[in-house]
Amino acid sequence: MRLPDEADVPAQINIVPMIDVIFAILTFFIMSTLFLTRQEGLPVNLPQASTAKKATQPARVTLTVDKAGAIFLNKQPITLDKLEAGVKAKVKPEQPLMVVLNADEGVNHGKIVAVMDRVRRVKGASLAIATRRD
């Protein structure tokens, strides 16, 4: 005697465990980003003072080196020899100066190092190198 063929049960994918794993990963990332925030102190109500100074943002100066190697300080051409004096003229007492270096990627490495060296000699000026996001 032959038994009747049983119908195959169609395969099913149970996605509930996958959803649980995704939520666990999401919770991990949310919790970890909360701990990455920088807190300078505890939250308190600060008193007022008439002599309090407002936090000053550093003054910004743009220093550009184009593909040909020409140097520009705030869109004004300047030579390497006069660069240090030009940056010194932009520095104000009691206010830091941020010099942002925009250099073409085709410029010789030695030229950029020479420009950075001149800027670093100036007291009160800090240097930042601009890049682009991909």
Side-chain angles (χ1 to χ4, degrees):
M1 168 174 179
R2 185 169 174 204
L3 295 173
D5 291 335
E6 293 182 19
D8 291 335
V9 177
Q12 295 180 352
I13 298 175
N14 190 0
I15 63 168
V16 174
M18 183 177 63
I19 292 172
D20 290 342
V21 169
I22 296 298
F23 279 125
I25 293 171
L26 180 65
T27 304
F28 170 76
F29 282 117
I30 289 173
M31 295 302 290
S32 63
T33 56
L34 291 176
F35 290 113
L36 292 177
T37 59
R38 172 179 257 166
Q39 295 180 355
E40 298 294 325
L42 297 173
V44 294
N45 290 328
L46 297 175
Q48 292 183 351
S50 61
T51 59
K53 291 185 179 181
K54 192 175 187 178
T56 59
Q57 294 288 342
R60 291 182 70 144
V61 173
T62 304
L63 183 62
T64 307
V65 181
D66 65 3
K67 193 169 187 171
I71 304 169
F72 299 90
L73 184 63
N74 280 346
K75 298 182 181 179
Q76 301 297 322
I78 193 167
T79 63
L80 186 61
D81 297 330
K82 295 180 181 178
L83 180 61
E84 188 175 348
V87 173
K88 274 185 187 177
K90 302 285 184 186
V91 175
K92 296 178 184 172
E94 302 295 325
Q95 186 177 17
L97 179 70
M98 174 68 68
V99 179
V100 180
L101 178 60
N102 294 325
D104 192 280
E105 64 184 353
V107 178
N108 185 1
H109 180 72
K111 178 84 169 185
I112 299 303
V113 170
V115 168
M116 290 172 60
D117 186 46
R118 298 292 170 103
V119 173
R120 286 185 183 150
R121 290 181 191 172
V122 178
K123 300 283 187 205
S126 57
L127 182 66
I129 299 174
T131 61
R132 74 165 186 257
R133 284 189 178 172
D134 285 333

- Item | Distance (rounded to the nearest 0.5 Å) between Asn102 CG and Asp66 CG | 11.5 Å
- Message: Could you measure the distance from the CD1 atom of Ile112 to the CG atom of Asp117? Nearest 0.5 Å is fine.
- Response: 12.5 Å
- Item | Phe72 CZ to Leu83 CG distance, which is reported to the nearest 0.5 Å | 12.5 Å
- Rounded to the nearest 0.5 Å, how far does CD1 of Ile71 lie from NZ of Lys82? 12.5 Å
- What is the distance from atom CD1 of Ile78 to atom CD of Glu84, rounded to the nearest 0.5 Å? 10.5 Å
- Message: I'd like to know if Met116 and Leu80 are part of one continuous hydrophobic network [Ile/Leu/Val/Met/Phe/Trp/Tyr, side-chain heavy atoms within less than 4.5 Å].
- Response: yes
- Task: May I ask you to check whether over 12 heavy atoms, not counting those of Leu26, lie within 6.0 Å of atom CG?
- Result: yes
- If every non-hydrogen atom of Val107 is compared with every non-hydrogen atom of Lys67, which pair is closest and at what distance? CG2-CA, 4.1 Å
- Query: Looking only at heavy atoms, which two atoms of Gly69 and Lys111 are closest? And how far apart?
  - Reply: O-CE, 3.0 Å
- Where do Thr62 and Thr64 land on the side-chain contact (heavy atoms from CB on, under 4.5 Å) test, with the steps shown first? CA-CA 6 Å; Thr62 304; Thr64 307; 3.8 Å; yes
- Message: Taking atom CZ as the centre, does Arg60 end up with more than 12 heavy-atom neighbours from other residues, nucleotides or ligands that are less than 6.0 angstrom away?
- Response: no
- Tell me whether Val16 is reachable from Ile13 by hopping between hydrophobic residues (I, L, V, M, F, W, Y) whose side-chain heavy atoms are closer than 4.5 Å. no
- Query: Could you state the interatomic distance from CD1 (Ile22) to OG1 (Thr27), rounded to the nearest 0.5 Å?
  - Reply: 11.0 Å
- Task: Give the intermediate values and the outcome of side-chain contact (heavy atoms from CB on, under 4.5 Å) for residues Leu101 and Val119.
- Result: CA-CA 10 Å; Leu101 178 60; Val119 173; over 6 Å; no
- Query: Going only through I, L, V, M, F, W and Y residues with side-chain contacts under 4.5 Å, is there a path from Leu73 to Ile129?
  - Reply: yes
- Is Phe28 reachable from Met18 through a run of hydrophobic residues whose side-chain heavy atoms are each under 4.5 Å from the next? no
- So if you build clusters from Ile, Leu, Val, Met, Phe, Trp, Tyr with side-chain heavy-atom gaps below 4.5 Å, do Ile25 and Met31 land together? no
- Task: Check Val99, Leu97, Val122 against Lys90 for a side chain to side chain contact (heavy atoms under 4.5 Å, CB included) and give me the one that passes.
- Result: Leu97
- Query: Taking all atoms of both residues into account, what is the closest heavy-atom pair of Leu127 and Arg120, and its distance?
  - Reply: CD2-NE, 4.4 Å
